[in-house]
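Note on naming: letters A, B, ... go to the chains in the order of the sequence lines (proteins, then strands), and numbering restarts at 1 for each one.
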2 protein chains.
Amino acid sequence: MNRSSHLDETQLLKHISLDCVVFGFHDSQLKVLLLRMKRTKDWALPGGFVLLDESIEIAASRVLRERTGLDHIFLKQFKVFSSPDRSNTNPGVQDLLDSGAIDDSSWFNQRFISVGFYALVDFSKAEPTPDLFSDLCHWKSLEDIDLLILDHNQILDKALETLRLQLNYQPIGYNLLPDRFTMPELQKLYETILGKELDRRNFQRKMLSYDILCKLEERKTGGAHKAPFLYEFNLENYGKALKHGFNGGW
Amino acid sequence: MNRSSHLDETQLLKHISLDCVVFGFHDSQLKVLLLRMKRTKDWALPGGFVLLDESIEIAASRVLRERTGLDHIFLKQFKVFSSPDRSNTNPGVQDLLDSGAIDDSSWFNQRFISVGFYALVDFSKAEPTPDLFSDLCHWKSLEDIDLLILDHNQILDKALETLRLQLNYQPIGYNLLPDRFTMPELQKLYETILGKELDRRNFQRKMLSYDILCKLEERKTGGAHKAPFLYEFNLENYGKALKHGFNGGW
DNA sequence: TTATTATTGTGTCATAAAGACGCAATAATT
DNA sequence: AATTATTGCGTCTTTATGACACAATAATAA
């Protein structure tokens, strides 16, 4: 999908699509970017197709640029969804066609194999923007999400599972938090992703041991209690940690 | 690809292929299954295409069944390779066409996005079998592999990287070793995958702590020295470990 | 202005995991 | 029967994790 008002199918690779699970963090909640389909009002993950001269990664970052206004988003493939009947589950392609939500049946009627990506973005910087087929683009809290079109619930679940796994061997936060943040904020992010509470003091000890944080002189005032220090990521070490991973194991 | 003598392109999903990095373990070495192209004698990873009614996983297991004679192989997607010029690297599609290695130019001339899988198989049980386009199917030691067609070197490297990562949070061995094995054999497998030596006693302690092994009464005789005990995997716990993973971290 | 309150900064102690290494037992070979 | 390389099992030290104590403090309430 591009910014123009219609799909130029001749420029797209057939049978291949991509879907993005875009995570943001706000009000101590994990949010996901969703689109509402114009006519059926069904909700869907942002997605798109691959131009003839694009890699799938380039296509995904183009789609995300269109949906969020952001460039250089953290983006990772996590699974290919290819069940031959994936277009017939939940509100499926036939429902969308029947309802008129999709007017270009020849393109959408083909079988698609979809590459799932998850993305981590700074909630405060993204500007949610609908695509050609949707009238709304919104952040939704995980618990507020029910039925999505096609196999998008499955895609979302798998993305979350992958994100939780990633937490165990890679640093997270740089892409989801503002540049400067407090230790409690970082901890809350981890707790939200994991879905469980962590000990404040042990969390800080472990996080500091990774050597990816810079403690600033400044504190974050305005809260109702003792002002916590601000931190920022040490990008050099953060990058190394991303590359090499924590928890070697062996 | 199927067992018949030609490709029935009408039954295949266009633009989509899959490539498998099949790992085996033999003589204390990690091996990978490779095909030699009929005319160019270039080496390639086993791969194939997706039938109209198949998921990509089903297609991959079909391909592996054809290449190894084995069913229910451990198989995992690890990355999609989609660079628009991937068919023009190394010995690329054009070279294959020029040399006559491929006679069906209309099918192979399209752009493919390839889903990379890695597989773990019991070396002793597999029966390497060439496909339509190859005259040899062989196990090759990692260090003996040089230039492969297309982006297959890149695919192989990424598979190995993924396998090493997997070692840190999942059990490995059931798919690569015979049913009964000794602790030194299991250790050697880990050392080979990781490319480094491990302390014998610490390895055993850690491995036993996972509670996925059953120590048998019997020992493996025939070696030149003290006979080591035989072990087998406790499949129930092994399955749980696969599902839940080691090294929680948080 | 002072007391209150919830939260933050820092530290301790007990337990568990990981790393380094010692030594006797033993299966085939000399 | 002695030799040799390897295995089984253990110890000691260091590091990481889990659970919790207590003083400091920023906004708010009295």
Side-chain angles (χ1 to χ4, degrees), chain A residues 27-28 167-171 173 177 180-192 194-232 241 244-250, chain B residues 27-28 164 167-171 173 177 180-192 194-232 237 241 244-250:
Chain A
D27 280 343
S28 298
L167 218 52
N168 288 324
Y169 64 96
Q170 282 195 328
L177 294 173
R180 289 146 37 109
F181 53 89
T182 67
M183 193 61 81
E185 285 167 353
L186 182 58
Q187 180 181 342
K188 197 74 199 172
L189 171 62
Y190 271 71
E191 290 178 334
T192 304
L194 290 169
K196 70 175 180 189
E197 303 207 326
L198 301 170
D199 182 274
R200 184 173 63 87
R201 296 145 290 190
N202 296 338
F203 175 82
Q204 164 154 316
R205 179 178 52 192
K206 184 159 180 169
M207 194 53 73
L208 289 177
S209 78
Y210 290 147
D211 201 30
I212 56 171
L213 296 179
C214 289
K215 183 176 177 177
L216 305 179
E217 300 288 323
E218 203 174 335
R219 289 159 180 266
K220 168 159 185 167
T221 58
H225 303 289
K226 182 169 181 177
F229 281 106
L230 284 166
Y231 289 83
E232 56 186 23
H244 301 114
F246 303 141
N247 278 319
W250 301 99
Chain B
D27 280 343
S28 298
R164 286 191 174 131
L167 218 52
N168 288 324
Y169 63 93
Q170 283 195 329
L177 293 174
R180 289 147 34 112
F181 53 89
T182 67
M183 192 62 79
E185 285 166 353
L186 182 59
Q187 180 180 342
K188 198 73 199 175
L189 171 62
Y190 272 71
E191 290 178 333
T192 304
L194 290 168
K196 70 174 179 190
E197 304 208 324
L198 301 170
D199 182 274
R200 185 173 62 86
R201 295 145 289 190
N202 295 339
F203 175 83
Q204 164 154 317
R205 179 178 53 191
K206 183 160 179 168
M207 193 54 72
L208 289 178
S209 77
Y210 290 147
D211 201 29
I212 56 171
L213 295 179
C214 289
K215 183 176 175 179
L216 305 179
E217 300 288 323
E218 203 174 334
R219 291 160 178 265
K220 170 158 183 166
T221 59
H225 303 289
K226 182 169 182 178
F229 281 105
L230 284 166
Y231 289 82
E232 55 187 23
N237 290 354
H244 302 113
F246 304 142
N247 278 317
W250 301 98

Residue whose nearest DNA chain C nucleotide is more 5′ - B/R205 or A/R205:
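Nearest nucleotide further toward 5': that of A/R205.
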
When you match B/D199 and A/P184 each to their closest nucleotide on DNA chain C, which lands nearer the 5' end?
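Here A/P184 is the residue nearer the 5' end.
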
Roughly how many Å is it from [atom1] in [X] to [atom2] in [N], rounded to a whole number?
X      : N      : atom1 : atom2 : answer
B/R200 : D/dA5  : CZ    : P     : 14 Å
A/F203 : C/dT10 : CZ    : P     : 16 Å
A/R219 : C/dT7  : CZ    : P     : 17 Å
A/Q204 : D/dA19 : CD    : C1'   : 16 Å
B/N247 : C/dA16 : CG    : P     : 18 Å
A/F246 : D/dT17 : CZ    : C1'   : 16 Å
A/K206 : C/dA16 : NZ    : C1'   : 13 Å
B/M207 : D/dC9  : CE    : P     : 17 Å

Please state whether the rings of B/Y190 and B/F203 are parallel, tilted or perpendicular, taking 30° and 60° as the class boundaries.
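Because their plane-to-plane angle is over 60°, the rings of B/Y190 and B/F203 count as perpendicular.
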
Should we say atom NZ of B/K206 is surrounded by more than 12 heavy atoms from elsewhere, each under 6.0 Å from it?
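Yes, enclosed.
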
Can you find a donor-acceptor N/O pair under 3.5 angstrom joining the side chain of B/R201 to the base of C/dG19?
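For B/R201, whose side chain was compared with the base of C/dG19, there is no donor-acceptor pair (under 3.5 Å).
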
Any donor-acceptor pair, under 3.5 Å, between the side chain of A/K226 and the base of C/dT7, if you only look at N and O atoms?
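Such a pair does not exist between side chain and base.
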
Output the distance between atom CE (A/M183) and atom CZ (A/R201), rounded to the nearest 0.5 Å.
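Spacing of CE (A/M183) from CZ (A/R201) equals 14.0 Å.
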
5′-ward residue of the pair A/A227/A/N202 relative to DNA chain D:
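Checking each residue's closest nucleotide, the 5'-ward one belongs to A/N202.
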
With nearest nucleotide decided by heavy atoms, which residue, A/G223 or B/P228, maps closer to the 5′ end of DNA chain D?
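Nearest nucleotide further toward 5': that of B/P228.
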
Choosing from D/dA21, C/dT26, D/dT4, which nucleotide comes nearest the side chain of B/H225?
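Between D/dA21, C/dT26, D/dT4, the one nearest the side chain of B/H225 would be D/dT4.
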
Base, sugar-phosphate alone, or nothing: which one does B/T221 contact when heavy atoms must sit under 4.0 Å apart?
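Counting heavy atoms under 4.0 Å across all strands, the contact made by B/T221 is with sugar-phosphate only.
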
What's B/K220 touching, base or sugar-phosphate or nothing? Going by heavy atoms closer than 4.0 Å.
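Nothing, no heavy atom under 4.0 Å.
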
Under a 3.5 Å distance rule, please check whether B/K196 uses its side chain to pair with a backbone N or O of A/W250 as donor and acceptor.
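Yes; at least one donor-acceptor contact below 3.5 Å.
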
Assess, by modelled atom type and distance only, whether the side chains of B/N247 and B/N168 contain a donor and an acceptor separated by less than 3.5 Å.
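No, no side-chain donor-acceptor contact under 3.5 Å.
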
